[in-house]
Amino acid sequence: MLKKIIKGSHRKPSKSDANDSSLYGYGPPGSRNSGSVSTPSVIVNHASRAGPLPSGPSLGSPQAMPPMAPPSGAIDPLPLFRDVPVSERQSLFIRKLHICCYQFDFSDTLKSVREKEIKRQTLMELVDFIQSGSGKITETCQEEMIKMISANIFRCLPPASHENTGQETNDPEEEEPYLEPSWAHLQLVYELLLRYVVSSDTDTKVAKRYIDHWFVLKLLDLFDSEDPREREYLKTILHRIYGKFMVHRPFIRKAINNIFYRFIYETERHSGIGELLEILGSIINGFALPMKEEHKLFLVRALIPLHKPKPIAMYHQQLSYCITQFVEKDFKLADTVIRGLLKYWPVTNCQKEVLFLGELEEVLEATQSAEFQRCMVPLFRQIARCLNSSHFQVSERALFLWNNEHIVSLIAQNRSVILPIIFEALEKNIQSHWNQAVHGLTVNVRKMFLEMDAELFEECQRLYAEREGKAREVEEQRELTWKKLADVAAQKGGEDMVTV
């Protein structure tokens with residue numbers, strides 16, 4: 001009986017399990033053995049803010065944690081590379097790497113000052129050695145270097161400010177960014193990794209054994225760091241890895257997809273969405289034509305839904321660039337993009353509406369007439385609502401669309417459909433909008449339509465007057481009916497009223 005209970009006690013997967021790389025088919029060899037609990041699984045932890053670091057499949061046996069600071073005085077500076085014979089430089093390189101594996105407490109600036117400085121100087125020497133191309137480093141040295149880099153950069157990030165207070169994320173421009181205390185060392189470790197990746201001496205056939213899927217996933221975890229300097233380095237390094245290691249490209253795209261999915265549908269909190277979108281903007285720019293179905297699905301399933309989260313202002317510029325790149329690459333996607341924008345159009349967030357209108361203008365600039373005609377009816381119904389917005393910035397931004405020559409030409413070609421949709425909104429603005437700038441812009445747009453097609457304009461004006469007349473009649477009839485009811489109630493004198 002006990003055995004049956006144990007066999008049937010498989011727990012329901014938690015949210016963190018949803019990011020287990022083995023569930024996506026990304027795990028290292030052997031990580032999908034259902035019967036083994038000792039195999040280290042690769043987990044895409046949000047922000048790398050939980051648990052000790054598992055060892056990568058190619059980094060040797062699992063290690064519990066990176067070695068912490070040694071006793072004071074245990075580290076001694078090693079000789080410079082130029083002071084030893086060429087034959088001994090590889091072994092010296094490994095000894096320097098071992099020194100750099102030690103971790104120090106940067107919360108206390110007076111602690112281990114000498115050791116911290118020795119490590120910093122050693123890291124600078126390693127960077128110079130790789131950058132100078134003094135000699136092609138051996139495969140063993142590459143393995144040890146990636147171990148050292150992993151020990152330094154793959155760590156649990158501190159809790160984000162909103163995780164401590166429970167408050168929603170604020171405008172990043174209004175907040176002081178969190179700065180990593182150990183940046184004096186981390187920057188040099190990142191610089192070493194970057195120099196290694198971009199070096200012409202680096203053989204991708206060898207390097208891919210160490211810069212593998214596990215390594216890429218852990219790099220992606222670090223994009224949730226609140227330190228903008230770290231995210232900038234990560235962006236550059238991941239972009240270089242994508243460019244150099246062609247074998248990793250599909251995996252990197254899929255892993256970024258998974259980060260977006262979790263951000264959109266679960267957390268709505270991530271510090272590195274903007275940087276990831278910057279990388280993707282460059283990737284999209286290099287897509288070959290005709291575009292693969294995989295890339296179109298990425299647009300529909302990941303990029304367009306990124307308009308949904310509240311903190312869109314933090315990454316909207318990069319998102320808008322990616323979206324526009326798709327339309328410029330394949331103009332047939334314009335209808336899909338515009339309908340996607342309309343699907344996620346904000347109802348009560350005026351600042352978000354202004355962002356959407358700016359992006360819409362960029363998309364419409366790359367839109368051809370045939371695609372414009374497919375979506376112009378729902379599009380201009382939404383624009384009409386924006387024209388009548390009581391928030392002057394929304395109304396003003398919508399009216400600025402008529403300053404774009406390409407958009408005006410599209411409107412002119414389809415004026416018989418568009419003018420009847422927005423005519424009422426224009427008239428209401430002229431009659432009752434409180435903002436003078438909006439009133440003046442509306443008059444200009446109205447005049448533009450009149451010059452474009454006077455006959456159509458007069459027809460729309462006649463229909464509008466008829467609708468207004470009927471609306472007044474209905475209102476008068478309603479008031480008359482209420483007056484009759486009031487008179488009947490007065491005549492009754494309250495005789496039939498029930499008092500309590």
Side-chain angles (χ1 to χ4, degrees), residues 308 310 338-339 341-357 360 373 375-402 411-412 414-500:
K308 178 188 174 189
K310 289 180 182 178
I338 290 171
R339 289 182 184 274
L341 280 173
L342 295 176
K343 178 181 178 181
Y344 294 105
W345 201 277
V347 177
T348 57
N349 190 332
C350 296
Q351 294 304 323
K352 199 171 172 182
E353 272 196 282
V354 173
L355 293 176
F356 273 50
L357 286 163
L360 179 63
Q373 289 172 359
C375 60
M376 62 184 176
V377 173
L379 172 61
F380 278 88
R381 283 176 182 159
Q382 181 59 58
I383 290 174
R385 287 190 285 271
C386 292
L387 291 173
N388 287 148
S389 173
S390 56
H391 194 293
F392 81 95
Q393 288 180 333
V394 175
S395 185
E396 189 176 56
R397 190 65 188 82
L399 287 161
F400 281 160
L401 292 173
W402 274 265
I411 291 171
N414 302 278
R415 58 186 180 274
S416 59
V417 176
I418 293 170
L419 183 56
I421 295 172
I422 66 166
F423 188 86
E424 184 175 347
L426 296 173
E427 291 299 310
K428 284 182 178 179
N429 267 9
I430 290 172
Q431 293 169 14
S432 59
H433 203 284
W434 65 273
N435 185 272
Q436 286 301 312
V438 170
H439 186 275
L441 288 168
T442 306
V443 169
N444 292 340
V445 171
R446 187 178 184 274
K447 183 180 178 183
M448 191 182 296
F449 275 112
L450 179 60
E451 293 172 353
M452 203 180 285
D453 193 333
E455 187 178 340
L456 175 64
F457 186 90
E458 289 171 3
E459 177 66 16
C460 290
Q461 200 169 30
R462 184 183 63 79
L463 292 173
Y464 174 73
E466 286 180 7
R467 283 196 301 271
E468 287 294 296
K470 288 179 181 178
R472 280 194 296 273
E473 288 177 12
V474 170
E475 181 63 22
E476 289 170 2
Q477 186 63 39
R478 188 180 69 82
E479 289 181 2
L480 183 61
T481 302
W482 277 110
K483 187 174 183 303
K484 288 179 181 178
L485 286 171
D487 291 343
V488 170
Q491 288 174 6
K492 292 267 186 177
E495 294 175 3
D496 297 336
M497 292 180 65
V498 177
T499 58
V500 179

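With rounding to the nearest 0.5 Å, the separation of CD1 in Ile422 from CZ in Phe380 is 6.5 Å. The SG atom of Cys386 sits 13.5 Å away from the CD atom of Glu396 when rounded to the nearest 0.5 Å. Considering CD1 of Ile338 and CG of Leu379, their distance stands at 6.0 Å, rounded to 0.5 Å. To the nearest 0.5 Å, atom OG of residue Ser395 and atom CG of residue Leu357 are 10.0 Å apart. Leu360 contributes atom CG, which lies 9.0 Å from atom CZ of Arg397 (distance to the nearest 0.5 angstrom). Rounded to the nearest 0.5 Å, atoms CZ (Arg462) and CZ (Arg467) are 10.5 Å apart.
You'll find the side chain of Glu476 stays beyond 4.5 Å of the side chain of Leu480, heavy atoms only. Lys352 places none of its side-chain heavy atoms less than 4.5 Å from the side chain of Lys310. Contact of the Tyr464 side chain with the Leu426 side chain is not registered, since no non-hydrogen atoms from C-beta on lie closer than 4.5 Å.
In terms of heavy atoms, Arg339 sits closest to Pro378 at NH1-CG, 3.9 Å. Ala412 approaches Met452 most closely through the heavy-atom pair CA-SD, 3.6 Å. For the residue pair Trp434 and Ser390, the shortest heavy atom distance occurs at NE1-O, 2.9 Å. Closest non-hydrogen pair, Arg415 versus Leu456, comes out as O-CD2, 3.5 Å.
Among the candidates Thr442, Asn444, Ile411, the single residue satisfying the side-chain contact (heavy atoms from CB on, under 4.5 Å) test with Trp402 is Ile411.
In this model, no donor atom of one side chain and acceptor atom of the other lie less than 3.5 Å apart for Glu353 and Gln393.
For Glu475 and Arg478, the salt-bridge test passes: some basic side-chain N is under 4.0 Å from an acidic carboxylate O.
In this structure, Glu455 places its CD atom where only 12 or fewer heavy-atom neighbours from other residues, nucleotides or ligands lie under 6.0 Å away. Within a 6.0 Å radius of CH2 in Trp482, no more than 12 heavy atoms belonging to other residues, nucleotides or ligands are found.
Listed by first and then second residue, the salt bridge (Lys or Arg N to Asp or Glu O under 4.0 Å) pairs involving residues 424-437 are Glu424-Lys428, Glu427-Arg446 (not counting sequence neighbours).
A donor-acceptor contact shorter than 3.5 Å is absent between the side chain of Asn429 and the backbone of Val438.
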